[in-house]
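Both counts, for ligands and for their atoms, begin at 1 and track the order of listing.
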Amino acid sequence: MNRETMADVLEEIALMMELKDENPFKIKAYRGGAEVVRNYADDIVALAAAGNLVGIKGIGEALRDKLHILATTGKLPFHENLRAEFPSTLFDLFDIPGLGAKKIKVLFRDLKVASVEDLQMACEQDRVASLAGFGPKTQANLLESLQRMRTYAKQFRLSAVAPIIENFLDLLREHPETLRVAVCGSYRRSKEVVGDIDLLVATSQPAQLTQYVAGFPGIDHVMVHGDTKISVRLSAGPQCDVRAVSNTQFPFALQYFTGSKEHNVAIRQRAQDRGWTLNEYGMLPIDSTSAPVPPICEEAEIYRALDLDPIEPEMRENLGEIEAAERHELPRLIDIENLRGTFHNHTQASDGSHSLAEMKAAAEDLGLAYLGIADHSKSSAQANGLDEIRLLAQIAEIREINAADDTFTIFAGSEVDIHKDGLLDFEDEILAQLDYCVASVHSAFTLDEDLMTKRIIRAMENPHVTMLGHVSGRLLLKRDAYAVNHAKIIDAAAETRTIIELNCNPRRLDMDWRWWRRARDKGVLCSINPDAHTTAQLQFLRFGVNVARKGWLRREDVVNTKSREEMAAFLALPKHLR
Ligand code: DGT
Ligand code: CA
Ligand code: CA
Ligand code: ZN
């Protein structure tokens, strides 16, 4: 039993109780309990197993007993009995955007829709539009969501695969016949989502290694099992390919399986121009007239042999990196160690789970020297946005915490909503009291590109808007970006000296990596912001640095590499002088 499964069980109970129209307070208690389990600072599974869940806010007596049973036996009869009342495929419907318990209940009751396929058919046969609370528009939207889900089901977010990859790499390293291990593919290149996981291990006993992998945890079934390659389907969804090669082949396999395909094609051509063949096993002279290939033990030496500076994996998309490597003009990319602080984080004052003090402690644990808080503003009522009075109180609280600690600074900010017309959710005299401000779009997503772009630029023209939050509003694999002209936004950012956020919540990774080089070249600064709603989510910074590297960003392009003193001075400058 782990924390996630425990939380999921509570969450499912809440859903099923909703389907059964049960007491809303009870439903809320289960849903709240799931949140507590997810975010509790201590080992809540061990506490539950020991029957020790006392005095935890949000875990009442009924929940406590159920968590105890769950943690000790691995299942909960109450949950299983509820589940038996519904077809199991019904629960897939909850993953469809725009469908909640209320609508699913009607679909199930009136149309016997009990699976995604049922729903697809019912929509195509035009039977959904006439249901109470639906209509033709809803039906059309559902069809669109279903289409999108089919595309997205083949891809996975970094947060979904990162823990699996770390675990598998650890397990591979533990094997006595393992010499070197690496993750390859799109994950190593830091794509925003990945299709599958590619791992590589160097060994003189490949068959032993692939056999070993077959026993890894979380495997649903083995798809292909050979002596040097094994492909498995993980119960979490993605496929994982593990290749076992000799230590001599390792650098070549690493280079080949890291990709991208486009980068590899160009690199292989370069080898051919020198009279060599390059593949995943090695680099060899084509015939006796070819020059000898220099000895190669490391991936970087492949690039050097081809008269190139070594190219970081994130840049390998054949978007100019090979030309830059040839001219010795590759940028020195930012590293996670360069970060000194971060902005755009939430606390329990709006929709976060932790207090100012807890967020500060977590940031200190990560070795940061400052933390920007930016809770939602009043228009974001669904996120419990702060009004002027609550915001001013929070600023005062932050000043008090800062006064008691001269080693760490909390910067007082706000994630202020950009209204439909481009005006902000607070008056300038309120914004003037903040250390900084992130302006974000959280409403009216359907404006056309021109209006949306003008709306955002108008907000950026405000002298108090320090940075622009999640530029496109996309939710990876869930919601498309709204229509917005990135090129014009970047120009406006340069013009108004507005920083653009790299929101590194793995659900967003927004602004997209494809735009950062352009922004950088126009002198626009980036702020790598986790948009953390819990203390643990501050660790999203790692994904942010990887995406920044993919966007060719250097230390000097990222504002939160400034020291605490430099940052305070920077924010104190009038915007046009930054
Ligand atoms: P993904 O999994 O769709 O997110 O993307 P990748 O890049 O991880 O692609 P994948 O897993 O199919 O293959 C891993 C790498 O192996 C890929 O980036 C480059 C290399 N590779 C695979 N197939 C080919 C190929 O047909 N030609 C070349 N040159 N390289 C290939
Ligand atoms: Ca892959
Ligand atoms: Ca693959
Ligand atoms: Zn936001």
Practice task
Just say parallel, tilted or perpendicular for the rings of Tyr436 and Phe343, cut-offs at 30° and 60°.
Solution key: perpendicular

Handout entry: Whether Ile197 lies under 4.0 Å from ligand 1, heavy atom
Key = no

Exercise for the section: Please determine if Glu11 and Arg31 form a salt bridge, counting it only when a charged side-chain N lies under 4.0 Å from a carboxylate O. Expected result: yes

Handout entry: Atoms of ligand 1, numbered as shown, that sit under 4.0 Å from any heavy atom of Gly185
Key = 8 (O)

Practice task
Would you tell me whether Arg340 and Asn560 have side-chain atoms, one donor and one acceptor, within less than 3.5 Å of each other?
Solution key: no

Completion exercise
Counting heavy atoms under 4.0 Å, the part of Gln155 that contacts ligand 1 is neither

Problem - Residue, atom name and distance, where the atom is the protein heavy atom closest to atom 9 (O) of ligand 1 - result: Asp198 OD2, 4.7 Å

Exercise for the section: Over 60° means perpendicular and under 30° means parallel, so classify the ring planes of His470 and His344, tilted if in between. Expected result: tilted

Handout entry: Donor + acceptor pair across side chains of Asp351, Asn384 (<3.5 Å)
Key = no

Handout entry: Atoms in ligand 1 flagged as close to Val194, the criterion being non-hydrogen separation under 4.0 Å
Key = 4 (O)

Problem - Per-residue contact class, Tyr256 against ligand 1 - non-hydrogen pairs under 4.0 Å - result: both

Handout entry: Basic-acidic side-chain contact under 4.0 Å: Lys261, Glu317
Key = no

Practice task
Please say whether more than 12 non-hydrogen atoms of neighbouring residues, nucleotides or ligands are located less than 6.0 Å from NZ in Lys454.
Solution key: no

Practice task
Determine the interplanar angle of the His533 and His376 rings, folded into 0 to 90°, and report it as parallel if under 30°, tilted if 30 to 60°, perpendicular if over 60°.
Solution key: tilted

Problem - Lys/Arg-Asp/Glu bridge criterion (N-O < 4.0 Å) met for Glu262, Arg268 - result: no

Exercise for the section: Using a 4.0 Å heavy-atom cut-off, say whether Thr258 meets ligand 1 through its side chain, its backbone, both or neither. Expected result: backbone

Practice task
Decide whether an N or O pair under 3.5 Å exists between Arg189 and ligand 1.
Solution key: yes

Problem - Numbered atoms and elements of ligand 1 in range of Asn264, under 4.0 angstrom, heavy atoms - result: 19 (C), 29 (N), 30 (N)

Handout entry: Mode of Arg268 contact toward ligand 1 - side chain, backbone, both, neither (heavy atoms, under 4.0 Å)
Key = side chain

Completion exercise
For the Zn ion (ligand 4), the nearest N/O/S atom on Glu415 is atom OE2

Problem - Close approach of Lys261 to ligand 1, heavy atoms, under 4.0 angstrom - result: yes

Handout entry: SB check Arg173 Asp170 (cutoff 4.0 Å)
Key = yes

Exercise for the section: Ignoring hydrogens, just give me the one of Gly259, Cys184, Gly195 whose non-hydrogen atom is nearest atom 3 (O) of ligand 1. Expected result: Gly195

Exercise for the section: For the Ca ion (ligand 3), find the closest N/O/S atom belonging to Asp198 and write down its atom name. Expected result: OD1

Problem - the Zn ion (ligand 4) reached by His376 (N, O or S, under 2.8 Å) - result: no

Exercise for the section: Tell me, yes or no, whether the heavy-atom count around Glu427 atom CD, taken from other residues, nucleotides or ligands under 6.0 Å, exceeds 12. Expected result: no

Exercise for the section: Indicate if the distance from the Zn ion (ligand 4) to the nearest N, O or S atom of His470 falls below 2.8 Å. Expected result: yes

Practice task
Would you mind telling me if ligand 1 is within reach of the side chain of Asp196, the backbone, both or neither, using heavy atoms under 4.0 Å?
Solution key: both

Handout entry: Asp196 OD2 and Asp241 OD2 subtending at the Ca ion (ligand 3) (10° steps)
Key = 80°

Completion exercise
If you scan protein heavy atoms around atom 15 (C) of ligand 1, the nearest is Phe257 O, 3.2 Å

Practice task
Just need the protein heavy atom nearest to atom 4 (O) of ligand 1, so name the residue and atom and give the distance.
Solution key: Ser186 OG, 2.6 Å

Exercise for the section: Consider only side-chain N and O atoms of Asp428 and Asn462, and report whether a donor and an acceptor are under 3.5 Å apart. Expected result: yes

